[in-house]
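Numbered from 1 within each chain, the chains take letters A, B, ... in sequence-line order. Keep in mind it's a predicted model, so treat the numbers as computed, not measured.
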2 protein chains.
Amino acid sequence: MKDGPDIARIAALIGDPARANMLGALMTGKALTATELAHEAGITPQTASSHLRKLLEGGLVRLRGQGRHRYYALSGADVAATLESLMGLAAGRGHLRTRTGPRDAALRKARVCYNHLAGERGVMLYRSMITKKLLIETDDDVGLTPMGERFADAFGIDLAALRAKRAPLCRPCLDWSAREHHLAGSLGRAMLSRMESLGWLDRQPESRVIRFTAKGEAAFDARFSA
Amino acid sequence: MKDGPDIARIAALIGDPARANMLGALMTGKALTATELAHEAGITPQTASSHLRKLLEGGLVRLRGQGRHRYYALSGADVAATLESLMGLAAGRGHLRTRTGPRDAALRKARVCYNHLAGERGVMLYRSMITKKLLIETDDDVGLTPMGERFADAFGIDLAALRAKRAPLCRPCLDWSAREHHLAGSLGRAMLSRMESLGWLDRQPESRVIRFTAKGEAAFDARFSA
DNA sequence: TCCATGTTTCGACTATTGTCGAAGTATGAA
DNA sequence: TTCATACTTCGACAATAGTCGAAACATGGA
């Protein structure tokens, strides 16, 4: 069986605990420096440097040098999707962390997935926008309906600016905890950022956990509960 | 970053070349014996036994003992989906096999993906069934329309028997080479098997490659080219 | 210029683990 | 029972690769 792409190479790349932790930290979508990633993984900067070079050569991360800092980020949404897929397998097989702390429950509720909202609330948002015909699923993709465009505008999102970028506006992204889709793409990112500036939620530093404020929870439910 | 499921564990499991080859061989959906898998991976039976135990403990494969043979198979469609996702990453990053033989082109054209048709022809089939309104995509899933039921019946597929099983009838499955969906689920399996018994195609032993016969190619194009 | 900080390279150590030979267990057939 | 086949366990070897200390390199600020 020497057919197809070399799957073992990238799987081995993800398979080291230190590198997996780094990739997990990058799932927030933010770019992090080498030392920050070393701290996240619990290793020294030298070791982290070696790992990051391998991830870079493997094409899993992208590098943006800025002065004496070197910012690493996931190289694309497809990497994030594959990582989520692996998390789904691990979770489904009962291979959770040795210690499942209180953060685990918080993660299932709401978390950042490559800069957009994931977890129960992310799925809730997606489902609500589908049933309200703000989003429509076509073939493999999702798209904004005319009604959805008006909604986004009223929600305070500059669609024209988003469309100017190359990145796709809407993307479905599979959720490892809920096993349903949530909204990714530049619109997904913009909506999370908008909710943050509205004071609906707090993003915990150095973690994927998202905590909704009381006000935010009420406002979210009012709009997206059905 | 100690959040979420333990992704490194399963990634490391897939990350060994011998195990990756075994999993690749199991992507046909057929159950294989330990020695067959050893041969596929190019290792001795002793080594294969050790690997298979790890895959079993990791929950990636399922074991069905039968006499003195032990048949291994992928534990579920989610494993196959994750493997395809990894193949997509590897292919997209240019990390193909060192030697891309002629089988690679054949794989892109038509192959078995966990017992259903994948590759260009698989995507073709899926797209055709969508545009002809035989299938309809709803939310995350796909379903058969009334017109689709009549079509399946005329094609010689026993829908009632398929529905009696627990497995979902239709499932979209992302294709690593075409980056589009093709049809999985028990209907996908049944259609591939029906095409085989119609003499449209030959499944090569011990490989994922599917070769269409001249007659089968013509018949397939006549029905699913648009 | 000098110093502090972020990052990488080098070298050596260690642990892990994939590998196979040899022997042992289990199943089925004669 | 005896033999053959399928598979596993055990033990030992070797190679890979993750780890860190020490030192070098690069950048920015004073």
Side-chain angles (χ1 to χ4, degrees), chain A residues 1-2 6-26 30-73 95 98 206, chain B residues 1-2 6-26 30-58 60-73 95 98 205-206:
Chain A
M1 187 65 187
K2 280 152 263 162
D6 193 353
I7 174 180
R9 213 155 131 187
I10 36 169
L13 224 43
I14 306 174
D16 176 76
R19 286 195 292 263
N21 285 335
M22 289 181 174
L23 291 171
L26 291 174
K30 291 201 302 186
L32 299 176
T33 66
T35 19
E36 284 171 328
L37 286 169
H39 185 256
E40 284 290 326
I43 53 179
T44 59
Q46 309 96 297
T47 310
S49 176
S50 157
H51 284 309
L52 287 168
R53 186 163 42 100
K54 288 173 185 175
L55 288 175
L56 205 56
E57 284 168 359
L60 295 185
V61 300
R62 182 166 42 81
L63 174 61
R64 181 170 49 106
Q66 201 167 72
R68 56 181 158 183
H69 293 276
R70 310 196 74 175
Y71 284 92
Y72 290 91
H95 288 308
T98 45
E206 313 295 326
Chain B
M1 189 64 187
K2 281 151 265 164
D6 193 353
I7 173 180
R9 214 155 130 187
I10 36 171
L13 224 44
I14 306 172
D16 175 76
R19 286 194 293 262
N21 284 336
M22 291 181 175
L23 292 171
L26 291 175
K30 290 201 303 186
L32 299 176
T33 66
T35 18
E36 284 171 328
L37 287 168
H39 184 255
E40 283 290 326
I43 53 180
T44 60
Q46 309 96 298
T47 311
S49 176
S50 156
H51 285 309
L52 287 169
R53 187 165 40 101
K54 287 174 186 173
L55 288 175
L56 204 57
E57 283 169 359
L60 294 186
V61 300
R62 182 165 44 80
L63 173 62
R64 183 170 49 105
Q66 201 167 72
R68 56 181 159 184
H69 293 278
R70 309 194 75 176
Y71 284 92
Y72 290 91
H95 289 307
T98 46
E206 313 296 325

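Taking 4.0 angstrom as the limit, A:T47 places none of its side-chain polar atoms (N or O) nearer than this to OP1 or OP2 of D:dG18. Contact annotation: A:R70 does not reach the phosphate of D:dA26 (side-chain N/O to OP1 or OP2, under 4.0 Å). A:S49 has a side-chain polar atom (N or O) that falls below the 4.0 Å cut-off from OP1 or OP2 of C:dT8. Checking the phosphate oxygens (OP1, OP2) of D:dT19, no side-chain nitrogen or oxygen of A:T44 falls inside 4.0 Å. Considering only side-chain N and O atoms, A:R53 lies under 4.0 angstrom from the phosphate OP1 or OP2 of C:dT9.
A:M22 pairs in a side chain to side chain contact (heavy atoms under 4.5 Å, CB included) with only one of the listed residues (A:L60, A:I43, A:V61), which is A:I43.
Closest non-hydrogen pair, B:A8 versus A:A20, comes out as CB-CB, 3.6 Å.
Side-chain contact check for B:S50 and B:T47: no donor-acceptor pair (N or O, by modelled atom type) lies under 3.5 Å. A donor-acceptor contact closer than 3.5 angstrom links the side chains of B:T33 and B:E36.
Atom CG of A:D16 and atom P of C:dA15 are 17 Å apart (whole Å). Computed from coordinates, the A:K54 NZ to C:dT7 C1' distance equals 17 Å when rounded to whole Å.
When heavy atoms are screened at a 4.0 angstrom cut-off, A:Y72 is found touching the sugar-phosphate backbone but no base atom. At the heavy-atom level, B:A18 lies under 4.0 Å from the strands shown only through sugar-phosphate atoms.
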